[in-house]
Amino acid sequence: MTSPNLRIAYRFLTAKKRAMVMSLSCTVLGVGLFIVTQATTSGFERFFTKTILGINGAIRIEDKIQDTMRSMAAAGGGDSHFGRRDGVKYIEGIEEPQALMAAVREFANVRGVSAVVRGNVQLQSAFKAEDAQVFGIRLEDHVRVSDLAEQVTNGSLEDFRNSPTGALVGRVLADRLQLGVGDSLVISARGASRRVQVAAIYETGYREVDKTNVYLHQPEARSLLKRPSGATFLQISLHDPARAPQDAARLEQVLRHSVKPWQEREKTWLAVFRALRISTMITVSVFTLIASLAMFNTLAMIVLEKTKDIAILRSMGYERRDVTRIFLWQAGIVLAVGAVAGALLGAMVTWLVSQVPLPINGIFKTDRFIVTWDVSHYAGAVLTAVVMVMVASLIPARRAARLEPGDIVRGTAQ
Amino acid sequence: MNPPSPAPAAGPAWALRCRGLHRHLGQGEGRVHVLKGVSFEAERGQVYAIVGPSGCGKSTLLYLLGLLDRPDEGEIEINGRRMSNHDDAARTAARGEHIGFVFQFHFLMLEFTALENVMMPMRKLGRLSPAAMRERAHALLDSVGLGAKTHRLGTQLSGGEQQRVAIARALANQPAILLADEPTGNLDVRNSNLVFDLLTRLAKDNGQAVVLVTHNPEIAQRCDVTRPMRDGLFV
Ligand SMILES: Nc1ncnc2c1ncn2[C@@H]1O[C@H](COP(=O)(O)OP(=O)(O)O)[C@@H](O)[C@H]1O
Ligand SMILES: [Mg+2]
């Protein structure tokens, strides 16, 4: 048996069709647009996150922490490998990567760790010269901490694996130097130079990376950069990248090295995305706000028109809280229909948007609008609508409940 | 032989009693002393008529007796329970259970059919199954001569028909007390007699106390008790 209050609410509401349709359409729009904007902004944010995790991993360890003030004094001021940031003193680079890597692998959330030797170089092709950075990697380790395997667009990772003097060159850099797979180029650093072959060309979509990073096998990089031991940094991938800040803090404590999670490394872009998401959320919440104002208006109107019905109901034994519920139910009906229709609208528009061609290259590469499908967006949209509309409805509902039947029948209810 | 017992089932059972009711209406300069110490009682199975000139306070008294309004002074007992200083929830419950009220001017919830209007108090009380409610509502509408119009909306009924539906609705929960403010005011002679006969029959059959305000001397005369009222007091 449906509650009599719900029944009454339904009749009251449908007697005011135009006002109801107004509140309903605002609710549908509010819910729908909320979903669409969340789906698109978080779509781009997630894609960006995936891109940068695929390049730099979740955590990077570099620079040993100088332990005491005394050892700082002992090291002396003239050492160029000695730095001082945020009141903590660092010694550049990682001296014993193997020991550190073994310690890192003890962490449950760690999926892979790769030691990288990095240095500034000059590249010389037959055509022209460009500045670049080489990254000396062990391929087996590095594919576990990056998406290198999926980023190769020309040639193959197999070719790189099998050629000790092979290089992985970024798409933008390769274009500038007019290099194709199999071409050779000269890399020079600190007076030394070596000839390597382009084994494959990769593209991350992150332009800064694609125009500067060249990957070499570690032995090759070591002899080029004259760095027979140690590493510049360790790159770590995690099973759950969201937990990177906590893991980084633990790692820093245990390993006495500077440890940076990706959230800190990319905080500028992440802040941009968050600002974007919040600003669209606020913009779109205007529709929900209008929906709640429309609902307020509709209910206030119905309360005025139905004071006599309220008196009749109260005379028949309906309590104050029944009256409150009758009016809240009306908001509930609009919300229920609005939430379902809004979710459908949101899903439909999200799908349509995902079909829109939109080539982007710069901080990630895509040729379509990126969307995410996430129930939490739907829940968030519905929750926002429910809270705003219900709060707005509470005022007329309580007003209706406060009406005294005696005042109404005498015609003195205001 | 037996000493008077407070047990609700025993005795002459005043369904309704009030003592020394005072009610002022309006504010400030416009404040009027409408009821000036009215006392009244209604016994089960009896029909009472309150008569008097327009503006003497009949409706005001009826709202107080129907627990729709609170007196400034005085006491009201419903079925032997003092209601005048109870809280809103208790008074509301008493309205639903013990009192049927027919308003003077507005009768129905117009978005609902006659049948739904009559079922409305039953739904709130929730004592009957939905099927039994429906059946009872049909029977009540039959008895006010509207058996053929049960599915008409309030808006599709004439004023007199609305009034008869309102009477059927007031009887829905078999209240001990039926209060009606000029229930035959809008009806032609045939229909007022029909309604009046219905009210009196119910009072006799179900042992209900019926209190009605009327301008119709013929009707007043046919009631068991007539209480003339003037200027806020019974005379
Ligand atoms: N809100 C009010 N303010 C002041 N006086 C009122 C108000 N409502 C009713 N009255 C007065 O109370 C008196 C009794 O009214 P009412 O009980 O409706 O009379 P009746 O039903 O006997 O015609 C009338 O004189 C009326 O003018
Ligand atoms: Mg009157």
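Excluded from the calculations below are hydrogen atoms, water molecules and symmetry mates; all remaining heavy atoms, backbone and side chain alike, are included.
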So CG of A:Asp309 and CG of B:Leu110: to nearest 0.5 Å the spacing works out to 6.5 Å
Portion of B:Leu64 that has a non-hydrogen atom of chain A nearer than 4.5 angstrom: neither
Specify which of A:Glu319, A:Arg321, A:Arg11 makes the most heavy-atom pairs with chain B at under 4.5 Å. A:Arg11
Decide if atom NZ of B:Lys36 counts as having more than 12 heavy atoms of other residues, nucleotides or ligands within a radius under 6.0 Å. yes
Does anything in residues 87-96 of chain B reach chain A? List residues with heavy atoms under 4.5 Å apart, or say none. B:Asp88, B:Thr92, B:Arg95, B:Gly96
Please say whether more than 12 non-hydrogen atoms of neighbouring residues, nucleotides or ligands are located less than 6.0 Å from CD in A:Gln355. yes
Could you state the interatomic distance from CZ (B:Arg169) to OG (A:Ser315), rounded to the nearest 0.5 Å? 6.5 Å
Considering residues, nucleotides and ligands other than B:Phe234, do more than 12 of their heavy atoms fall under 6.0 Å from its CZ? yes
Evaluate the criterion side-chain contact (heavy atoms from CB on, under 4.5 Å) for residue pair A:Ile312 and B:Phe101; output intermediate values, then yes/no. CA-CA 9 Å; A:Ile312 292 173; B:Phe101 205 102; over 6 Å; no
Check the surroundings of atom CD in B:Glu135: do more than 12 heavy atoms from other residues, nucleotides or ligands lie under 6.0 Å from it? no
So A:Met316 and B:Leu125, do their side chains get closer than 4.5 Å, heavy atoms only? no
Please step through side-chain contact (heavy atoms from CB on, under 4.5 Å) for the pair A:Lys308 and B:Phe103, ending with a clear verdict. CA-CA 10 Å; A:Lys308 287 175 180 174; B:Phe103 290 102; over 6 Å; no
Would you say B:Tyr63 and A:Pro405 make side-chain contact, with heavy atoms under 4.5 Å? no
Does OH belonging to A:Tyr378 count more than 12 external heavy atoms closer than 6.0 Å? yes
After noting the C-alpha distance and the side-chain angles of B:Asp69 and A:Glu404, does the key distance pass the side-chain contact (heavy atoms from CB on, under 4.5 Å) rule? CA-CA 8 Å; B:Asp69 193 13; A:Glu404 286 290 343; over 6 Å; no
Identify, with sequence neighbours excluded, every residue that meets side-chain contact (heavy atoms from CB on, under 4.5 Å) alongside A:Thr41. A:Gln38, A:Leu276, A:Arg277, A:Thr280
Counting only heavy atoms not in B:Met83 (residues, nucleotides, ligands), do more than 12 fall under 6.0 Å from its CE? yes
A:Arg320, CZ atom: more than 12 neighbouring heavy atoms under 6.0 Å: yes
Give, for atom CG of A:Asp322 and atom NZ of B:Lys124, the distance between the pair rounded to the nearest 0.5 Å. 3.5 Å
Does A:Arg7 come within less than 4.0 Å of B:Glu116, counting only side-chain N to carboxylate O? no
Within a 6.0 Å radius of atom CZ on B:Arg19, are there more than 12 heavy atoms belonging to other residues, nucleotides or ligands? yes
Intermediate values then yes/no, side-chain contact (heavy atoms from CB on, under 4.5 Å), A:Lys306 and B:Met109: CA-CA 9 Å; A:Lys306 298 293 177 201; B:Met109 297 175 67; over 6 Å; no
